[in-house]
Structures are given as C-alpha cells and as structure tokens.
Undergrad: 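Provided herewith is a single structure, encoded as structure tokens, for subsequent inquiry.
Just so we're clear, the structure is a prediction, and the values are computed from it rather than from any experiment. Both backbone and side-chain heavy atoms feed into the values below; hydrogens, waters and symmetry mates do not.
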Amino acid sequence: MRSSAVLRRHHRAIRAATAAGCACAMPAALSVSAVLVATAHAQTVATITPRLSPDRLGATGALSFTIHYADSAANIPPPLRRSILRFPAGLTLEVPRLGSCSVSRLRARGADGCPADSMLGRGHALIEAQVGSQPIAEDVSLWVFLGPLRNLTPTVEILGQGYTPYDERVVLTGTMLPAGGPYGEALSLSIPPISTLPLEPDASIVTFSLTIGAPVQRRAHDANTVRLPAICPQGGFPFAAEFTYADGSSGSSVTTVPCP
Amino acid sequence: MPDRRISMLGCLLTAVAFGCSSAVAPASPTQTLTLGAGFTPNALGAPTNLSTTMTFASSAGLPDPVSDVVAYGPAGLSVQVHGVATCERAKLEADGPSGCPAESRVGFGGGVGVFELAGLPVREPYTLDFFLAPQEHGHLAILIYADAVNPVAVQFVLTAREVHGPRPYGFGLAVEVPPVSTVPGAANASVESSFASLGGANIAYYQTIRGKRTLVHIKGLVAPATCPAGGFPFEAIVTFEDGSTSTASYSSPCPSGRP
C-alpha cells in the first residue's frame, strides 16, 4: 500500500534522524562525562548537561539534557533565536506507531490536542524578563511532538506553556538534519520571540530541560523512545551545540558522555 | 501662564507601536509634550494592556520638572482587580519591589530623567514598578516605585489615585510628583521621557480555592465595549514646577473594522 510505503519511509527517516536522545543504562542518574560550555559572546555562557538512561549500548531509553544560559554582564542573558544540537552517530528515535501533530493544531489546542503517539517527550524551562526594576520569572512546561514531514525531512515541535504571571503559549519548531562525523543527526531549532508586555523586553530562556523517550520501566510498550548507539566511540558519545542570540551574538561548544 | 505648544514628534515616535492619529496640545514656545497610548490586544470589551508614552522636550534647555500628572483614558475603560493582592506603601518604601506580593504587580514602566550639573545635562534611565494599593475611600490606588541607579541613585514611591475625566474620557489616574533632588548644587531632576505598561490580557495567578490550587485569570483593564469615531481618546494634563500646565491628547485607532 502506498500509504504504508510512505509511513515506512517516514519511519526510516525518523530512525535515521536520531532526534535527540540517547539513554544510558543505569537506573539512576547517569554520569555525564563532560559538561558542555558554550561561550556566545563576551558575557553569555551556555552550559549543556546531557544525561543518558539506561547506560547500555543498543538499549532503548531516554535522552535528557539541560541547557543553562547565563550572562556575566547582565542579570538576564539575551533571548535565544536559534540553536543547533548535534547528537552522536547511531543514536536513533524509535517510533512504533507513527503520529504527527501540526504547529497550527498545537497552537490552537495545546498538548491535549495532539495525538498521543506523536509525543516524543516532556520538559520544562525557566524564562525571565527584565520588566521594571526587577527580573520577572516564569516556569514553562514543555512538550515535544513529532511534526509532519517537511520535504521528507522529519520535524519536531516543542510546545511551551507558561501559566503565571502570564498565561502564554509558544511553539518552537525544529528540523532534523544530517550532521557530519562524529555526529549522526542535528536538531535545528527556531525560537520565536517570547513577548511579555507592550514596551517591555522579550523574555529570555534561562534554563531549558528536555527528556526524549523514557526508560523501559516507565513507558508504555508502544511509546516513542530513543535507542542508544550500538558502538561507543573512543572518548565517549559526542554532543555539540551552537546558539544564536537576538543581539546577534553566537556561541558553540562540544562535550561527551562517557561510554557505558 | 506661558503659551505652550506641543509637537507631533512624539506622535511619530509612537506611531509604530500604536498607530498615531494625533496627539498634541499647547506647552510652551520652547517646550514640547507628546502623549501616545494604545491597547494590546486592541479588541472591544476584552481584557487588555494599556501602554502609554510621554515625551518632554525643550529647545531652550531641559524640560521643567514635573509636579503633577493627570491622565485620562476613554469612557468605558474599566478596571477589574478582583483577586489581585495589594501592597502597603510603607512596605514598598522599606523593602522596595521585593517587599510587595508578586500578585500585587499591575504594571511596569520607565524612561529617562535629566538634570543639569555644572551647566551640562546629565541623563539617567529609571524604571517604574506599579503595585495595587489598598483602596482609598473606595477609589483605586496604585503605588509607583521609581528607581534610578546611575549616575545618581534615587528611589521613591508615588501614589496614583483613581479619578474620572469628563466625556469623552473616563477612568484616569492622578499622580503628584515630589521634587527630585540629585546632587548638591544641581537643579531638581526633570523628565525627558516616560512610558508605562499597565495590565495584560493574559495575566494569571494560582489561588487555592476550596483547597484546590486553581489558575485564576485576572481581567485587570478591560477595553471599552465601543469605540467612538476617531478612535479611543486619551488625555494627559501635566503641571510643572513653576505652576504652568500643558495638556496633550491622543487618539488610539479603533479595532479593525471600526471608525
């Protein structure tokens, strides 16, 4: 059936597209070999901490990563506009039942409006904005969904929903792209301006944490997840990131997670 | 009283944000005052944010220090602050904005102040934090925390009291501004520009209602249900330190499809 063929192609593309995850065995928190530090400009520093569970070659599980942004010269880092996250070769996204959710549907209906089988993961973020004399912070819940194919390229959508003090919803859109060795795939994310109040500056992301997939003991048998590479290169699993900020500055860095 | 004029400059400056439809009123031969205002979202009868800008300028030197401001919004503009906490003036004066409950914040703002030192103008940015205060004789009151840090640290609290203007105006606020001294030997500070952003369409707080943590949306400012021909009218009346006054008016465009 033609539709089946399309789905298979989609599935293969997704598997090839190591969306984001990697999981290290280890029931508990896994050790992260290195911490990724990205210097954007003289003041902005992004620190990335990947985490894999379970920590076992070839296992299915979860990739978690936390990115912390800080600015040494200002209380709040500049707003982020674009990021490219590169993942180790061999890391794949397992999608047992294909489902996708459109950006318009996400914006209109929120996370509950998307098919359950399109959800890839969850997370949270902390955003801040300097309004008046003090920074105002807001906790934001994140949901990661598989988006529709774009030119046969897998896409990812991240819904951010904050409730207080501003009940606001934003959607980050991403595309999976091939990455040169030692990486397998890259997730290119566009971050829209996060408005606060008229005449006041946009909010900035201070921390951003995502978990793609879930350890086997915590997920449904047909849940989307990630599969760790079967081989770990010498030096560990490589991760890399690039960031572009609203003030035009940018930064990049690399890190590794130790082999199991 | 000196003859005052107000230019269209500020109108141009604020046109991008609000769409400028007019704005000016007499100030002085050498001094200009401009008012801009608008609703976001610009929708009839909906919870909204009100953003305003005021610009003072003088070709003969620095603007005069301001001693009093009265600003009116359009008739039909309402304020619904049920569920919003309040802040005590003494607490704000003692501890600054961190001393007020987060749920008592109703707006933000800022601008640029200026004073003359040794014949030279010294400009200084400042911020404004707005907190809802307990009602005064049944009228709404808002505390305004003004904060300037560099080159001269100045912090003080103002009280904006609810007033009502004549038609076509309605809800308004009146604020007395005390003399703002800076450094010995320098004149009192005056204002070059000021902006404020009050309320919002999407402000929400968690409250425990019957033992359940519930997200409560604050209506805050609610835009008029109708828009007069020519747009929503705003007016500001500024009294200066020397006792002179000037009045600036501004019309914010009606929502799409309205006159």
Undergrad: Within residues 209-222 of chain B, which positions have a heavy-atom distance to chain A below 4.5 Å?
TA: Leu215(B), His217(B)
Undergrad: When rounded to the nearest 0.5 angstrom, what distance separates CZ in Phe108(B) from OG1 in Thr196(A)?
TA: 8.0 Å
Undergrad: Just checking heavy atoms, which of residues 190-198 of chain B are less than 4.5 Å from chain A?
TA: Phe195(B), Ala196(B), Ser197(B)
Undergrad: Give a yes or no on whether Glu176(B) atom CD has more than 12 heavy-atom contacts from other residues, nucleotides or ligands under 6.0 Å away.
TA: no
Undergrad: Do Asp129(B) side-chain atoms and Ser133(A) backbone N/O form a donor-acceptor pair below 3.5 Å?
TA: yes
Undergrad: Which heavy-atom pair separates Gly199(B) from Leu197(A) by the least distance, and what is that distance?
TA: O-CD2, 3.4 Å
Undergrad: Taking all heavy atoms of Leu199(A) and all of Thr53(B), pick out the closest pair and write down the distance.
TA: CD1-CG2, 4.0 Å
Undergrad: Quick one: of Ile203(B), Leu50(B), Val149(B), who has the most non-hydrogen atom pairs under 4.5 Å with chain A?
TA: Ile203(B)
Undergrad: Decide yes or no for Arg105(B) and Ile136(A): does some side-chain heavy atom of the first lie under 4.5 Å from some side-chain heavy atom of the second?
TA: yes
Undergrad: Among Glu168(A), Gln130(A), Gln134(A), who wins on heavy-atom pairs under 4.5 Å with chain B?
TA: Gln134(A)
Undergrad: Can you name the closest pair of heavy atoms from Gly132(A) and Thr127(B) and give their distance?
TA: O-CG2, 3.3 Å
